[in-house]
Amino acid sequence: MIPNTNSSYVRVPTPVEFSFEESLVFLNRSLQENLHRIQNDRIIKLLDHQGELILIGVTHAEQHLRVEFLNGKPSEAGQRTAADYVWEWFDLKTDLAPFYEMAAGDPVLQPIVKRHFGLRVLGFPDLFEAMAWAITGQQINLTFAYTLKKRFVEAYGKSIVYENEIYWTFPSCDEIAALAVSDLTPMQYSARKAEYIIGIATEMAKGNLVKENFINGKDAQTVEKELVAIRGIGPWSANYVMMKCLGFTSAFPIADVGLHNALKYQLEMEKKPSIAEIESYAENWKGWEAYATFYLWRSLYE
DNA sequence: TGCCAGGAAGCCG
DNA sequence: CGGCTTCATGGC
């Protein structure tokens, strides 16, 4: 055993309304997930900071997350990147008090919110990953979506080995921009989805599509419109990306079948609710539709 | 085995 | 803008 002489870490403060256990449940939902690993209440994940591969181990302690650097101490900028990543990943910036106040009086959300208090939207800080994953998951079941992602990551991501386990980064847009559709179809991506993903990677690699463009105080309606103008991004994907990457708590992927199923079970309905019915329930959620959706998703895997 | 899956583009009126 | 058709492929 080689002692880790480079042991170091940073702390990321956590709000009162935060449950690490709920985060673990969410991050554990697929056995095929290969972008992080959970061992003994520690989440291990590989980050790529401008080519510098940083393996972090995230654990929970009093009022903070401890972000440990497992493969040596990163540069100063790398440490900041890691802390910022965790901050976004667990959505620690959002003040949930108003959401809980609303949910306490909401017949649909009240029981779920009580059961999973402290759950926060687990996000994708990387815009390319958020978009590529949204497209991958369109109109196919989640199990198959994870299969596709696994193949994609293991074909084009970067990796390191740590304690006999391999850790992957999500492929960069530059890497994917150089591909042809025929590179992705053998791994069972449809040609259409391959076009979408490569197209988005190409725009990002050229600098025409950047996250900062969407988070500079633009209103949700404008951002949604700009996203939907991108080929492969429809209303569902736009709202999914806004919810999981761009920090819009009002984003609402209303066409989501998981949301429909959650409402059906939660309300003990014979069949899935119509869009009009969902809009009716959601009138009370204004400004917090993303959180309402995320908690409803959570209710699907008790 | 047939319906379903964390939809979107394209076309038509 | 609203509705209809096509695409695509595995899961259960």
Side-chain angles (χ1 to χ4, degrees), chain A residues 25-33 35 91 112 116 119-124 127 129-152 170 180-203 209 221 223-246 248-249 251-266 269-276 278-279 281-282 285 289-302:
Chain A
V25 170
F26 180 83
L27 293 173
N28 239 334
R29 77 207 152 114
S30 172
L31 293 173
Q32 296 193 91
E33 177 61 68
L35 291 177
D91 191 31
I112 309 174
H116 306 295
L119 172 67
R120 285 168 179 268
V121 171
L122 275 293
F124 298 106
L127 180 61
E129 181 182 347
M131 289 184 153
W133 174 236
I135 289 167
T136 299
Q138 288 168 2
Q139 183 59 16
I140 60 174
N141 63 75
L142 264 184
T143 304
F144 181 45
Y146 273 107
T147 301
L148 291 176
K149 183 178 88 160
K150 183 173 159 64
R151 292 172 184 159
F152 183 70
F170 196 78
V181 168
S182 57
D183 290 316
L184 297 183
T185 47
M187 49 180 88
Q188 311 309 128
Y189 274 91
S190 67
R192 197 74 61 84
K193 286 187 182 182
E195 287 172 17
Y196 297 162
I197 292 172
I198 294 170
I200 283 170
T202 302
E203 288 308 298
L209 182 53
Q221 201 180 357
V223 170
E224 180 176 352
K225 206 169 163 184
E226 290 184 10
L227 288 172
V228 169
I230 299 166
R231 186 158 185 269
I233 304 292
W236 177 86
S237 299
N239 281 276
Y240 183 84
V241 168
M242 291 168 72
M243 166 183 177
K244 299 273 283 183
C245 179
L246 302 175
F248 285 88
T249 59
F252 195 21
I254 195 168
D256 185 82
V257 296
L259 172 68
H260 301 174
N261 283 324
L263 283 167
K264 177 187 160 191
Y265 296 134
Q266 201 62 30
M269 302 169 83
E270 291 288 324
K271 55 179 187 178
K272 291 188 282 189
S274 67
I275 296 296
I278 298 171
E279 284 172 341
Y281 292 120
W285 306 343
E289 291 88 342
Y291 262 88
T293 300
F294 201 70
Y295 271 78
L296 280 159
W297 284 345
R298 176 65 182 82
S299 73
L300 285 172
Y301 44 94
E302 289 306 325

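Every chain is numbered from 1 and lettered A, B, ... according to where its sequence line falls, protein lines coming before strand lines.
With a 4.5 Å cut-off on side-chain heavy atoms, A:Gln188 and A:Phe144 count as touching. Under the 4.5 Å side-chain criterion, counting only non-hydrogen atoms from C-beta, A:Arg298 is not in contact with A:Phe26. In this structure, the side chains of A:Asn239 and A:Ile254 stay at 4.5 Å or more apart for every pair of heavy atoms. Between A:Gln32 and A:Thr143, the closest side-chain pair of non-hydrogen atoms falls below 4.5 Å.
Here A:Gln138 lies in heavy-atom contact (under 4.0 Å) with sugar-phosphate atoms only. Using a 4.0 Å heavy-atom distance criterion, A:Lys244 is classed as making no nucleic acid contact.
Ring-plane geometry between A:Tyr295 and A:Tyr291 is classed as tilted, the angle between the planes lying from 30 to 60 degrees on a 0 to 90 degree scale. Under the 30°/60° scheme for interplanar angles, the aromatic rings of A:Phe252 and A:Trp285 are found to stand perpendicular.
Between the CG atom of A:Leu184 and the P atom of C:dA8 there is a distance of 15 Å, rounded to whole Å. Per the geometry, NZ belonging to A:Lys272 stands 11 Å off C1' belonging to B:dC3, to the nearest Å. Nucleotide B:dG7 holds its P atom 14 Å from the CZ atom of A:Phe144, rounded to whole Å. If you measure from atom CD1 of A:Ile140 to atom P of B:dA8, you get 13 Å, rounded to the nearest angstrom. Across the protein-nucleic acid pair, A:Gln139 atom CD and C:dT6 atom P stand 15 Å apart, rounded to whole Å. Separating the OH atom of A:Tyr146 from the C1' atom of C:dC12 is a distance of 18 Å, rounded to the nearest angstrom. A:Asp256 places its CG atom 15 Å from the C1' atom of B:dA8, with the value rounded to the nearest Å. Regarding A:Leu259, its CG atom lies at a distance of 15 Å from the C1' atom of B:dA5, rounded to whole Å.
Applying side chain to side chain contact (heavy atoms under 4.5 Å, CB included) to A:Phe294 and the options A:Asp91, A:Leu122, A:Thr249 leaves one that passes, A:Leu122. Applying side chain to side chain contact (heavy atoms under 4.5 Å, CB included) to A:Val241 and the options A:Ile135, A:Val223, A:Leu246 leaves one that passes, A:Leu246.
Put simply, CZ on A:Arg192 and CZ on A:Arg231 are 6.5 Å apart, with the number rounded to the nearest 0.5 Å.
For residues 188-197 of chain A, proximity to DNA chain C is found at A:Gln188, A:Ser190, A:Arg192, defined as any non-hydrogen atom under 4.0 angstrom from a strand atom. Using a 4.0 Å cutoff on non-hydrogen atoms, the parts of residues 226-243 of chain A near DNA chain B are A:Ile230, A:Arg231, A:Gly232, A:Ile233, A:Gly234, A:Pro235, A:Trp236, A:Ser237, A:Tyr240, ordered by number.
The shortest distance between the side-chain N/O atoms of A:Asn261 and the OP1/OP2 oxygens of B:dA5 is below 4.0 Å. Checking the phosphate oxygens (OP1, OP2) of C:dG10, no side-chain nitrogen or oxygen of A:Thr147 falls inside 4.0 Å.
The same atom, P, is picked in B:dG7 and in C:dC12; the two are 16 Å apart, to the nearest Å. Across the P atoms, B:dC11 and C:dA8 are found 15 Å apart, a figure rounded to whole Å.
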